[in-house]
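Notes for the one structure printed next.
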Amino acid sequence: MKFQKTELAPGLYFVGVPIGTARDITLRALDVLASADVLAAEDTRSLRRLMEIHGVPLAGRQVLALHDHSGQTVQERLIAAIGEGKSVAYASEAGMPLIADPGFELSRAAAQAGVMMTCAPGPSAVLTALALGGLPTDAFFFAGFLPNSKAARLSALEKLRDIPGTLVFYESPKRLGAMLRDAATALGGQRQAAMCRELTKKFEEIQRDTLENLAETYLAKAPKGEVVVLIDRGRLESVKQVDLEADLKRALHDHSMRDAVDLVAKAHGLPRRQVYQAALSLGNDG
């Protein structure tokens, strides 16, 4: 792919870079990387390597590191450079800047400074996974990374239960099994899901199954590589609270708390945790 070196107007240029295969970069992205007065990146080595692969020379330019731990100094330096009439290009380590990657603070600073800001868009693991996952794409919600602790993760998942769209998450391969287990608990084990691994790379893999079955698979053995998880929207009919409570009262008359909750949860197709909370409320009400 042949880039064109052109004169860029002063401003901030976000550059989307490949999530795996180097040839996925766009021609415009190469043009911006070749032409910008100042280069900045989440990972300077990754950007230098990408430019080297595509024959884009640094031409004496330094690549500044801007990531979550670089502080405001670099950000202020980049905004100041734009104020001096220079063009600044910023790239994440992989994919689109700002999407579960650094860049937001720089974007906000540029907006506050009133400088020109644009984007040379490129690959995104979110959109790639949606295209391959086999789940509805008419509406989706990107939730990024879930919390590490079990309690916080369950709480976050429960807040997403009724969103009318496919849920999209990034996840560490080491935590994948636990995340899927908690998703099955909070959202229902029979929800359809897809585990998308190493997208656009040599060992790309898509596994589609219920949350319950996927959790069992990846609790037994963690995968390797970058992971995107898709979870289908809930399609359960809404249950009136009064009906849920009536069924719980009947079940509790003949069964233990545990068995009553299991019976009612299965009867209504509701997460057990939700039914258990309703049963606790009945007890508190006397």
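In this text, all values refer to a predicted model and were calculated from it rather than measured experimentally. Below, all heavy atoms of this structure are taken into account, side chains as well, without hydrogens, waters or symmetry copies.
Residues Gly16 and Ala29 come closest through the heavy atom pair O-CB, 4.0 Å. For the residue pair Leu8 and Val32, the shortest heavy atom distance occurs at CD1-O, 4.1 Å. Closest non-hydrogen pair, His54 versus Ala22, comes out as NE2-O, 2.9 Å. Counting all heavy atoms, side chain and backbone alike, Pro173 lies closest to Ala222 at O-CB, 3.5 Å. Listed here is the closest heavy atom pair of Leu50 and Pro18: CD2-CD, 3.9 Å. Taking every heavy atom of both residues into account, Val17 and Ala94 meet most closely at CG2-CA, 3.8 Å.
Here the CD atom belonging to Gln192 is positioned 8.5 Å from the CG atom belonging to Leu214, to the nearest 0.5 angstrom. Taken from CG in Asp259 to CG in Asp254, the straight-line distance is 11.0 Å, to the nearest 0.5 Å. If you take CG on Leu33 and CG on Leu47, they are separated by 5.5 Å, rounding to the nearest 0.5 Å. Of the inter-residue distances, the one linking Ser87 atom OG with Tyr13 atom OH reads 6.0 Å to the nearest 0.5 angstrom. To the nearest 0.5 Å, atom CZ of residue Arg191 and atom CG of residue Leu135 are 11.0 Å apart. Remark: Arg175 CZ to Arg153 CZ distance equals 7.5 Å, nearest 0.5 Å.
For Arg45, the CZ atom sits in a loose shell: 12 or fewer heavy atoms of surrounding residues, nucleotides or ligands are nearer than 6.0 Å. Counting heavy-atom neighbours within 6.0 Å of Glu76 CD, excluding the residue itself, gives a total above 12. Surrounding NZ of Lys150 are more than 12 heavy atoms belonging to other residues, nucleotides or ligands, all under 6.0 Å away. Environment of CD in Glu216: sparse, with no more than 12 heavy atoms of neighbouring residues, nucleotides or ligands closer than 6.0 Å. Crowding of Tyr276 atom OH: a count of heavy atoms from other residues, nucleotides or ligands under 6.0 Å not exceeding 12. Counting heavy atoms of neighbouring residues, nucleotides and ligands inside a 6.0 Å radius, atom NZ of Lys201 exceeds 12 of them. Shown here is Phe140, whose CZ atom has no more than 12 heavy atoms of other residues, nucleotides or ligands within 6.0 Å.
Side-chain contact between Asp232 and Pro136 is present, with at least one heavy-atom pair separated by less than 4.5 Å. Between Arg161 and Pro271, some side-chain heavy-atom pair lies under the 4.5 Å cut-off. Between Leu187 and Leu167, the closest side-chain pair of non-hydrogen atoms falls below 4.5 Å. Side-chain contact check for Arg181 versus Leu219: some heavy-atom pair is nearer than 4.5 Å.
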Criterion ring pair (Phe, Tyr, Trp, His ring centres under 6.0 Å) on Phe142 and Tyr170, from CA distance to verdict: CA-CA 9 Å; Phe142 176 55; Tyr170 287 165; 5.0 Å; yes
Apply the test salt bridge (Lys or Arg N to Asp or Glu O under 4.0 Å) to residues Arg233 and Asp138: give CA-CA distance (whole Å), side-chain angles for both, the deciding distance (0.1 Å), then the verdict. CA-CA 11 Å; Arg233 72 194 70 185; Asp138 59 315; 2.6 Å; yes
For a side chain to side chain contact (heavy atoms under 4.5 Å, CB included) check, start with the C-alpha distance between Arg61 and Val38, then their side-chain angles and the critical distance, and finish with the verdict. CA-CA 7 Å; Arg61 294 172 297 174; Val38 180; over 6 Å; no
Start with the C-alpha gap between Gln190 and Glu212, add the side-chain angles, then the distance that decides, and say whether side chain to side chain contact (heavy atoms under 4.5 Å, CB included) holds. CA-CA 6 Å; Gln190 294 308 302; Glu212 187 174 28; 2.8 Å; yes
Run the side chain to side chain contact (heavy atoms under 4.5 Å, CB included) check on Leu146 and Met179 step by step: do they pass? CA-CA 8 Å; Leu146 287 166; Met179 178 268 186; 3.7 Å; yes
Verdict with supporting geometry, Leu106 and Leu78, side chain to side chain contact (heavy atoms under 4.5 Å, CB included): CA-CA 9 Å; Leu106 178 61; Leu78 296 175; 4.2 Å; yes
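Hydrophobic clustering (ILVMFWY, side-chain heavy atoms < 4.5 Å, transitive): Leu199 and Ile25 are in distinct clusters. Ile231 and Leu180 fall within a single hydrophobic cluster, where Ile, Leu, Val, Met, Phe, Trp and Tyr side chains are chained together by heavy-atom contacts under 4.5 Å. One hydrophobic cluster, built from ILVMFWY side chains closer than 4.5 Å, cannot hold both Ile53 and Phe3; they sit in different ones. Phe169 and Leu154 fall into different hydrophobic clusters, defined by Ile, Leu, Val, Met, Phe, Trp and Tyr side-chain heavy atoms under 4.5 Å apart, directly or through other members.
A salt bridge is absent between Lys5 and Asp31; no separation between the charged side-chain nitrogens and carboxylate oxygens falls under 4.0 Å. Taking the charged nitrogens against the carboxylate oxygens, Glu226 and Arg197 have no contact shorter than 4.0 Å, which rules out a salt bridge. A salt bridge between Glu52 and Arg49 is present, with a side-chain N of the basic residue lying under 4.0 Å from a carboxylate O of the acidic one. In summary, Arg108 and Glu105 engage in a salt bridge, as defined by a charged side-chain N under 4.0 Å from a carboxylate O. With salt bridges taken as basic N to acidic carboxylate O contacts below 4.0 Å, none links Asp43 and Arg48.
With hydrogens and angles left out, the side-chain atoms of Asp182 and Thr185 include no donor and acceptor closer than 3.5 Å.
Although no hydrogens or angles enter the test, the distance criterion places a donor-acceptor pair under 3.5 Å between the side chain of Thr21 and the main chain of Thr200. At least one donor-acceptor pair under 3.5 Å links the side chain of Arg28 to the backbone N or O of Cys119. A donor-acceptor distance shorter than 3.5 angstrom exists from the side chain of His67 to the backbone of His69, with no hydrogens or angles considered.
A side-chain contact (heavy atoms from CB on, under 4.5 Å) with Cys196 holds for exactly one of Ile206, Leu132, Val126; it is Ile206.
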